[in-house]
There are 2 protein chains.
Amino acid sequence: MDKYEALKLKNQLCFPLYSVSNLITRNYKPLLDKIDLTYTQYITMMVLWERHSVSEKELGEALFLKSNTLTLLLQKLKKKGFVTINKDKRDGRSIIIALTEQGEALKEKAVDVPTSIVKSIHLSEEEGMYLYQILYKILEANQNEEL
Amino acid sequence: MDKYEALKLKNQLCFPLYSVSNLITRNYKPLLDKIDLTYTQYITMMVLWERHSVSEKELGEALFLKSNTLTLLLQKLKKKGFVTINKDKRDGRSIIIALTEQGEALKEKAVDVPTSIVKSIHLSEEEGMYLYQILYKILEANQNEEL
DNA sequence: GCAAAATAAATCGCATGCGATATATTTATG
DNA sequence: CATAAATATATCGCATGCGATTTATTTTGC
């Protein structure tokens, strides 16, 4: 038995996770180009389409990202006219990100994106649901550790 | 029923894939820092530890990456003394990446990395295997499309 | 044999992600 | 109430990933 068996690429679990994630970003790109969003900007808009306005902290918790990634991202969404960024009056440390009319309108254009992507994944509904559960199990287990 | 239901973050399959992938890179970082590798450099070394020398094209096929990502990466591994880069004598378009002694020696230091990571994922063996299968199913389905 | 097509890398510009650190503001504590 | 600790963002530097394009080399087709 090879002492280095665990170091072989084909025995990695994280490598296909990483590759599928890259694959997804690639598949999304041409679709999202049409509505002038990158993938990270797209999931940010998803949060806003649901909640209308959030603090950067809340946004980071929803997306598992921190200010070092978000600050620049939000500036770009602001530049494109999809969001406004204002200080929270009740807490001067926080900023509140809110949808503009243009950002709200973008939702209509984005409505077909999820279906197109799901098709490109080629999984049965059952497989998709199982995958979903496992992934959230990993995310939640790790969230607890970071407390 | 909300017409925008499919646009909610909690209904996305790709989002947890993306988040778990980020999570994994974060978890690997402190471990890989100790052996002076980034995650992408690590999986590149994995290929070399198995095959000893590969062309950039073969490496790209193994890692699902292209020259725009690999070229710079390989230069850095060369700078660190882990690999050599030479033109293929039989085909002047190709380059051959090969392990140095130092690169080979690094394998010994890396041998415990996979176990540490698997622990941080918190999945049963069964879940891990199922996840593995689904991920490769996605990768393979998509590979065929790119032909 | 030679021009055109194909192939393999390299280069460019952009948008992440991340750890580390700095800054501004609020909260806690004595 | 003053000041230390905690919290929320911003900034910096580095290493990706990727589409698009360019360059170098080989293969193909006539």
Side-chain angles (χ1 to χ4, degrees), chain A residues 15 17-34 36-45 54-61 63-80 85-97 146-147, chain B residues 15 17-34 36-45 54-61 63-80 85-97 146-147:
Chain A
F15 169 65
L17 269 166
Y18 155 91
S19 295
V20 168
S21 177
N22 287 346
L23 176 66
I24 287 168
T25 310
R26 278 198 300 274
N27 283 355
Y28 265 112
K29 189 163 193 314
L31 288 171
L32 294 179
D33 276 351
K34 290 182 194 162
D36 193 23
L37 291 176
T38 64
Y39 183 69
T40 322
Q41 290 167 10
Y42 171 63
I43 56 176
T44 301
M45 292 303 288
V54 285
S55 70
E56 184 171 323
K57 178 180 150 71
E58 288 167 329
L59 185 62
E61 283 166 357
L63 301 180
F64 306 102
L65 294 171
K66 290 186 190 152
S67 70
N68 50 9
T69 301
L70 290 175
T71 300
L72 186 57
L73 181 82
L74 293 171
Q75 291 304 326
K76 283 175 190 162
L77 285 175
K78 182 185 172 185
K79 209 174 209 170
K80 291 181 185 179
I85 302 176
N86 291 295
K87 265 200 176 182
D88 186 339
K89 286 159 202 159
R90 290 162 305 174
D91 185 338
R93 290 169 301 181
S94 291
I95 60 167
I96 304 291
I97 302 104
E146 282 172 18
L147 293 178
Chain B
F15 169 66
L17 269 166
Y18 154 92
S19 295
V20 168
S21 177
N22 287 347
L23 175 66
I24 287 168
T25 310
R26 278 199 300 274
N27 282 354
Y28 265 111
K29 190 164 192 313
L31 289 170
L32 293 178
D33 277 350
K34 290 182 193 162
D36 193 21
L37 291 177
T38 64
Y39 182 70
T40 322
Q41 290 168 9
Y42 171 64
I43 57 176
T44 301
M45 293 303 287
V54 285
S55 68
E56 184 170 323
K57 178 181 150 73
E58 288 167 330
L59 184 62
E61 284 165 357
L63 301 180
F64 306 102
L65 294 171
K66 291 188 188 152
S67 68
N68 49 10
T69 301
L70 290 174
T71 300
L72 186 58
L73 182 82
L74 293 171
Q75 291 304 325
K76 283 174 190 163
L77 284 175
K78 183 185 173 185
K79 209 173 208 170
K80 291 182 185 178
I85 301 176
N86 291 295
K87 265 198 176 182
D88 186 339
K89 286 157 200 158
R90 290 163 305 173
D91 186 337
R93 291 169 302 182
S94 290
I95 61 166
I96 304 290
I97 302 105
E146 283 173 17
L147 292 178

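A, B, ... follow the sequence lines: proteins, then strands. Residue 1 opens every chain. Everything numeric in this text was worked out from a predicted model, so none of it was measured.
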Rounding to a whole Å, what distance do you find between [X]:[atom1] and [N]:[atom2]?
{"X": "Lys87(A)", "N": "dT23(C)", "atom1": "NZ", "atom2": "C1'", "value": "11 Å"}
{"X": "Glu56(B)", "N": "dA8(C)", "atom1": "CD", "atom2": "C1'", "value": "8 Å"}
{"X": "Leu63(A)", "N": "dA15(C)", "atom1": "CG", "atom2": "P", "value": "18 Å"}
{"X": "Glu61(A)", "N": "dT7(D)", "atom1": "CD", "atom2": "P", "value": "12 Å"}
{"X": "Ile95(A)", "N": "dT7(D)", "atom1": "CD1", "atom2": "P", "value": "19 Å"}
{"X": "Phe64(A)", "N": "dT16(C)", "atom1": "CZ", "atom2": "P", "value": "19 Å"}
{"X": "Asp88(B)", "N": "dT26(D)", "atom1": "CG", "atom2": "P", "value": "9 Å"}
{"X": "Leu23(B)", "N": "dG17(C)", "atom1": "CG", "atom2": "C1'", "value": "13 Å"}

(request) Would you mind telling me which of Thr25(B), Ile24(B), Leu23(B) makes a side chain to side chain contact (heavy atoms under 4.5 Å, CB included) with Leu17(A)? (result) Ile24(B)
(message) Both Gln41(A) and Ser55(B) contact DNA chain C. Taking the nearest nucleotide for each, which residue is further toward the 5' end?
(response) Ser55(B)
(message) Measuring only between side-chain heavy atoms, which start at C-beta, is Lys57(B) closer than 4.5 Å to Ser94(B)?
(response) no
(message) Taking the side chain as everything from C-beta on, heavy atoms only, tell me whether Ile97(B) gets closer than 4.5 Å to Thr44(B).
(response) no
What nucleic acid atoms does [X] come within less than 4.0 Å of, heavy atoms only: base, sugar-phosphate, or nothing?
{"X": "Thr40(A)", "value": "sugar-phosphate"}
{"X": "Tyr18(B)", "value": "sugar-phosphate"}
{"X": "Leu65(B)", "value": "sugar-phosphate"}
{"X": "Asn68(A)", "value": "base"}
{"X": "Leu70(B)", "value": "nothing"}
{"X": "Asp91(B)", "value": "sugar-phosphate"}
{"X": "Thr38(B)", "value": "sugar-phosphate"}

(request) Assign each of Ser19(A) and Lys57(A) to its nearest nucleotide of DNA chain D by heavy atoms, then name whichever residue's nucleotide is nearer the 5' end. (result) Lys57(A)
(message) Taking the nucleotide of DNA chain D with the nearest heavy atom to each, does Lys80(B) or Asp33(A) sit closer to the 5' end?
(response) Lys80(B)
Tell whether [X] reaches the base of [N] with its side chain through a donor-acceptor pair below 3.5 angstrom.
{"X": "Arg93(A)", "N": "dT9(D)", "answer": "no"}
{"X": "Ser67(B)", "N": "dA8(C)", "answer": "no"}
{"X": "Ser94(A)", "N": "dA8(D)", "answer": "no"}

(request) Check the pair Leu59(B) / Leu65(B) against side chain to side chain contact (heavy atoms under 4.5 Å, CB included), numbers first and verdict last. (result) CA-CA 8 Å; Leu59(B) 184 62; Leu65(B) 294 171; over 6 Å; no
(request) Please report the C-alpha distance between Ile85(B) and Gln75(B) in whole Å, then the side-chain angles of each, then the deciding distance to 0.1 Å, and finally whether the side chain to side chain contact (heavy atoms under 4.5 Å, CB included) criterion is met. (result) CA-CA 8 Å; Ile85(B) 301 176; Gln75(B) 291 304 325; 4.0 Å; yes
(request) Please determine if a side-chain N or O atom of Lys29(B) lies less than 4.0 Å away from the OP1 or OP2 oxygen of dC18(C). (result) no
(message) Under 4.0 Å from OP1 or OP2 of dA10(D): is there any side-chain N or O of Thr71(A) that close?
(response) yes
(request) Compare every heavy atom of Leu63(B) with every heavy atom of Phe15(A), then report the nearest pair and how far apart it is. (result) CZ-CA, 3.8 Å
